[in-house]
Amino acid sequence: MKVALFVPCYVDQFYPKAAIATLELLEKLGVEVHYPKNQTCCGQPMANSGYEHLTTGCNNLFIENFSGYDYIVCPSGSCTLHIKEHLHSPEKEELAVDIRKRVYELTEFLVDVLNVKELKANFPYKVGLHQSCHGLRGLRISQMSELVAPAFSKPAQLLDMVQGLELVPLTRQDDCCGFGGTFCVAEEAVSSKMGKDRVDDHIEHGAQYITSADLSCLMHMEGILRRQKSDVKVIHVAEILNHYSHE
Amino acid sequence: MSREKILAAVKKNQFTHAPLPDLEILSTLTATGDNLVQQYTSVASAGGSFVYEVKDLEAIKTILHKEFKPGVKIISGIQELGEYTYAGNVLEESSHSFADAELTILQSNLGVAENGALWLTESQMNIRVLPFISQHLAVVISKDALVPTMAQAYAQIGNADYGYGAFISGPSKTADIEQSLVIGAHGPRSLSVFILT
Amino acid sequence: MSNVAAKSHSELAGIFNQDEPRVDWHDETLWWVRQKRDIQAHKLPEWELLRETASQIKNNVLSNLSEYLEQFEANAINNGIIVHWAADAEEHNQIVHRLLQERGINRMVKSKSMLTEECHLNEYLKEQGIDVIDSDLGERIVQLAGEPPSHIVLPCIHKKKEEIGDIFHEHLGSAKGESDPKILTETARQHLREVFLTRRAALTGVNFAIAETGEFVICTNEGNADMGAHLAEIHIASMGIEKIIPERKHLGVFLRLLTRSATGQPITTYSSHFKRPQQGTEIHIVIVDNGRSIQLGREDFRNSLKCIRCGACMNTCPVYRKSGGHSYHTAVAGPIGSILAPNLDMKKYADLPFASTLCGSCSNVCPVKIDIHDQLYKWRQVIVKEGYSPKAKTMAMKAMAFTLSSPALYRSGGKVGRLVFKYAPFAVNNGLNPWYKHREMPKAPEESFGEWYSKRKEGKQ
């Protein structure tokens, strides 16, 4: 299987370790991973701000970079969702439709395609799992608390395979962190209050790390944690699943 | 004319055909008649109603004698409950004249277990304002008149004709002040339900 | 209250957030209502099927609305109800006024109707010298406080009991400092009982209007709609065109969903079905368009007309919970308000679809499955296209699109950005940067993933 790695723009620039962990993890699991080096951004920041009509350039570049693969894997729920729902190209619509079927967020790829049942990983810490909204309600990588339906969680299922990791319970399991793209600055007061409340929930339950399938949420919560001078750190799920230390 | 303007605008803009769904599946999913009295009692009590299982009208009178002082104005829609003013005899009085009613007792022929509601039509109320203006309300219902959910309730109502009807599921209440539940808003301060077994 | 209209959601939300303990209290209260809804929903294994059924019924209504409206009108008239049609808010208010004037009535009691809030009926009637008293407890409180309701189901959810106590002390003569909800409710009961007994006219809203039978249903917990209607000579019921449902039996679906979604009760205390006027009295229905037929023509947004006004979307919305209903500066606030209001006045309400992180919780709790969060995204595209987005934002977006469509520009831009962070953090860590107000900026790594990958590749060769 030919797999391409799609690294969100801000992960590439600010959180490369998560992308490195994603790559290493997939390779450990026997996947041959290609990284199309001319990729930039999925276009979501513009589209969510009402400027979808400006994303043609991004879309075409995405199609150019990611055509011809069996799967496209991305360590971000929101970017994956954006491509799945909004990748269009007036000239290359067939290619766009094909790509939309093949793009996967990392945890759903590991569970649904690779059928991962065990991992050689350890992370002996108390971890709070933040359910990023786009991954949750868009990609359905976990069950949503509003619905009357059976519970499941692909990230939690994978984190369960990590030795020594203790998932802490939370008071509100899927309340939004308040990042929301340009919302984080356009509605700064509400955004930071939402982030602060999420962070407080994790801290109250003893989390040493907050993890998620989306670094945008983590970036926002990390900003708040560091402002509070908290010892709690954020870490992407890929880095936990890829973590193995002999000590 | 606004009527024509509105209807024309609506007709122009309504589009895409969307058929009505079948309600049968829902009805069958909720049709279990198991222990309706128990379910009704549990839900109605949780909603603030007082629920009594009684074997006859005499038993009801005994309870009412205990709960209500002699001499207060009591209007009854049930002729067999002899000692009270029968609503059917005072139909000519104005609605306003019942402002001093302490208790109204009515008969219902349909109760819903899932939400504690009782169906009363104008013919059972006699006077529409009676079950609202009275300080307290009591309703008598046979245990065989209970159905599981609103689906079965409307199946039973069918296309019956009434000028006015209401599902009443408890005493009047409000939580408008800081979500603090207060029983007794503008309608009756209590609802007593007598289930005839 | 006039300067409120000029402020945007984000400004009003900023003001609301100045009092953090109060935000927490507002947020916890509404989250509690959401939890009560969850408890009730989970008692019904068929809950999701109920939602799907209700959604399909409402889709059918919208696709045949003109026929259903005519059917409803014919049946209502047959029942002895008089039917009026109002193209807009102004006409609705004029009709109500005329009905009162014709009968020499200058005082009216009203039960909850968000439509009349939308039409600003109370202000209009006051200007004509008609006294209107809101009988729903929450509405009466905000009326006395001189404010609009902040929530469509829980009108004064933003008010603390001490504040309500002060309002009642000032206007209704309760004891100073009294804040016990039981005593305050009793005070309101006595005060409003006198109102019910003396008003010749009562105005109510309509929860459901049944085309098949020409009857309409009003749901309350307090019994105020019935007290008003049954003691009045004329009962006026105001309804939006979208309140129609096809058949009486469909109430068996909607009445199972409405209150569970709204307050977490299995049903309201009273679900009153009005079919014929009481002997010697009149019932008038005013059917109102006010922009709804236009919304019906917007393919992407017509589903918003399925709304049964339960308020569940507001209770679950983290932005609503932490910014309050008044931040939306419109009659119906929250997620549903944000997809309805731009249709009424795109310029005035251009900010509302952006007052959201698109988390999607609203769509999940909506009993009629309105795709609220998808509509919020789509409204953003429309608002930008129609030119209601700030010029600076458009320029920034164009610059971003330009940079991101070129791999070379993106890579050099990213490198420059990281260098700025590293060597001139003061350029971004300052008061001009809104992110920086409550958050630290992310740390800039030495190299991007792209750069690391290139090195690794070279290393392999």
Side-chain angles (χ1 to χ4, degrees), chain B residues 1-3 5-7 9-21 23 25-26 29-30 43 47 95-96 99 114-117 128-129 132-133 149-151 153-155 157 159 162-180 182 184-188, chain C residues 29 32 46 49-50 53 56-57 59-60 62-66 69-70 85-87 91 135 137-138 141 154-156 160-161 164 181-182 184-185 189 192 197 221-224 226-227 230-231 241 246 248-249 251-253 255-256 266-267 269-276 278 289 293 296-297:
Chain B
M1 279 290 335
S2 289
R3 178 187 184 276
K5 214 169 69 172
I6 294 169
L7 285 170
V10 171
K11 204 178 178 81
K12 179 168 78 85
N13 287 337
Q14 71 194 33
F15 59 92
T16 71
H17 173 65
L20 277 173
L23 299 188
I25 307 168
L26 265 178
L29 277 177
T30 60
V43 177
S95 291
H96 290 66
E114 72 162 330
N115 53 26
R128 288 187 192 187
V129 84
F132 298 95
I133 202 169
T149 76
M150 297 298 276
Y154 278 101
I157 292 171
N159 57 5
Y162 46 77
Y164 171 80
F167 278 103
I168 299 181
S169 69
S172 91
K173 55 173 81 109
T174 178
D176 271 336
I177 300 177
E178 280 207 45
Q179 281 295 292
S180 201
V182 177
H186 304 301
Chain C
T29 308
W32 169 228
E46 72 273 22
L49 179 58
L50 261 176
T53 306
Q56 287 181 27
I57 295 170
N59 284 341
N60 171 268
L62 292 182
S63 67
N64 299 286
L65 188 56
S66 64
L69 281 167
E70 288 184 277
W85 297 75
E91 193 175 356
S135 63
L137 178 59
I141 290 166
L154 318 164
C156 64
K160 295 204 166 190
K161 57 185 193 283
I164 296 167
K182 283 197 176 67
L184 293 175
T185 304
R189 180 192 175 93
L192 284 160
L197 287 166
N221 275 319
E222 298 176 25
N224 54 314
D226 298 276
M227 281 295 276
H230 301 324
L231 292 170
I241 54 174
R248 190 188 270 174
K249 71 180 188 208
L251 289 168
V253 175
L255 290 183
R256 299 189 74 206
I267 196 169
T269 307
Y270 307 103
S271 309
S272 304
H273 302 46
F274 291 81
K275 193 159 179 290
R276 283 192 292 275
Q278 254 179 140
D289 182 350
S293 58
L296 187 63

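Throughout, protein chains are lettered first and strands after them, A, B, ... in sequence-line order, and every chain is numbered starting at 1.
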Taking the side chain as everything from C-beta on, heavy atoms only, tell me whether [X] gets closer than 4.5 Å to [Y].
X	Y	answer
C:Ile141	B:Ile177	yes
C:Thr29	B:Glu178	no
C:Leu62	B:Gln14	no
B:Pro171	C:Thr269	no
C:Leu137	B:Val182	no
C:Glu46	B:Ile25	no

Looking at chain B, which one of [options] has the largest number of heavy-atom pairs inside 4.5 Å, strictly under?
options	result
C:Glu91, C:Arg276, C:Glu70	C:Arg276
C:Leu192, C:Asn224, C:Asp226	C:Asp226
C:Ser135, C:Gly223, C:Ser272, C:Ala86	C:Ser272
C:Ile57, C:Ile241, C:Leu184, C:Asn59	C:Ile57
C:Asn64, C:Asn221, C:Leu69	C:Asn221
C:Gly297, C:Pro155, C:Cys156, C:Pro246	C:Gly297

Spacing of [atom1] belonging to [X] relative to [atom2] belonging to [Y], to within rounding of 0.5 Å:
X	Y	atom1	atom2	result
B:Arg128	C:Gln278	CZ	CD	5.0 Å
C:Arg248	B:Tyr154	CZ	OH	8.0 Å
B:Phe132	C:Met227	CZ	CE	9.5 Å
C:Trp85	B:Met1	CH2	CE	10.5 Å
C:Asn60	B:His17	CG	NE2	7.5 Å
C:Arg256	B:Thr149	CZ	OG1	4.5 Å

Based on non-hydrogen pairs under 4.5 Å, which of [options] is most in contact with chain C?
options	result
B:Ala151, B:Pro19, B:Ala117	B:Pro19
B:Met150, B:Glu114, B:Lys12, B:Gln179	B:Glu114
B:Ser180, B:Gly165, B:Pro188	B:Gly165

Tightest non-hydrogen contact, residues B:Ser172 and C:Tyr270, listed as CB-OH, 3.4 Å
Carefully, step by step, assess B:Asp176 and C:Glu222 under the rule side-chain contact (heavy atoms from CB on, under 4.5 Å). CA-CA 10 Å; B:Asp176 271 336; C:Glu222 298 176 25; 3.2 Å; yes
Side chain, backbone, both or neither of C:Ile267 within contact of chain B (heavy atoms, under 4.5 Å): both
